[in-house]
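In each ligand, atom 1 is the first atom listed, and ligand 1 is the first ligand listed.
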Amino acid sequence: MTDSCIFCKIVSKEASADIVYQDPQATAFRDLHPVAPTHILIVPNRHIESVGVLEVEEEPLMGHLFTVARRLAEEEGIAKGGYRLITNTGADGGQTVFHLHVHLIGGQRMRYPMG
Ligand code: AMP
C-alpha cells in the first residue's frame, strides 16, 4: 500500500470506483475515462509500480491478471468479438498511474495503434 497511490486507495476502498471484480490478489474497476464501450482496469492488490520492476516471483500474479481479464471479457459479452489488453509501461509507454494495470478494452473494432 502506497499512501499517495490512487489505485491502492481503490483496492482498499478508501477511494470510490466502479469495482467489477475483487479477489485476494487482484481488483478490477471501470476506467474513469473510457475509450470504448468496455474499458476496465485490472490491477494487482499489492502495489507494483510497473512491468519495469517485475520479478520472477510475480509471474503467477501476472498470469492471474490475464485470466481475470478473460473472465471479465466473457461477462461483458465481448469475448467472441475480441478485445485488447494493454499495459503501458513508463512515461514513453503512456503510463500515467504508476501502479501496474492491464486495460481491458472492447465493444468496438480497434485500430492499431490507438494514439
Ligand atoms: P495509464 O495511462 O496506462 O497509466 O492508465 C491509467 C488509467 O487510469 C487511465 O485510463 C485513466 O483514465 C484511469 N484512471 C485514473 N484515475 C482513475 C480513477 N480514480 N478511477 C478509475 N480510473 C482511473
Geometric N/O contact [X] with ligand 1, under 3.5 angstrom:
X: Val97; result: yes
X: Thr96; result: yes
X: His39; result: no
X: Leu32; result: yes

Can you tell me the protein heavy atom closest to [atom] and the distance?
atom: atom 20 (N) of ligand 1; result: Ile10 CD1, 3.8 Å
atom: atom 16 (N) of ligand 1; result: Phe7 CE1, 4.2 Å
atom: atom 1 (P) of ligand 1; result: His101 NE2, 3.2 Å
atom: atom 9 (C) of ligand 1; result: Asp31 OD2, 3.3 Å

Does some non-hydrogen atom of [X] fall short of 4.0 Å from ligand 1?
X: Gly94; result: yes
X: Thr87; result: no
X: Phe98; result: no

Looking at Ile6, which atoms of ligand 1 are within less than 4.0 Å of one of its heavy atoms?
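It comes down to these atoms of ligand 1: 19 (N).
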
Closer than 4.0 Å to some heavy atom of Phe29 - which atoms of ligand 1 meet that?
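Those qualifying, in numeric order: 21 (C).
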
Using a strict 4.0 Å threshold on nitrogen-to-oxygen distance, state whether Glu76 and Arg71 make a salt bridge.
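No, this pair does not count.
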
Say you draw a straight line from CG of Leu85 to NE2 of His103; how long is it, rounded to the nearest 0.5 Å?
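One finds 10.5 Å between CG of Leu85 and NE2 of His103.
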
When rounded to the nearest 0.5 angstrom, what is the spacing between CZ in Phe7 and CG in Leu100?
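Rounded to the nearest 0.5 Å, the CZ-CG separation comes out at 10.5 Å.
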
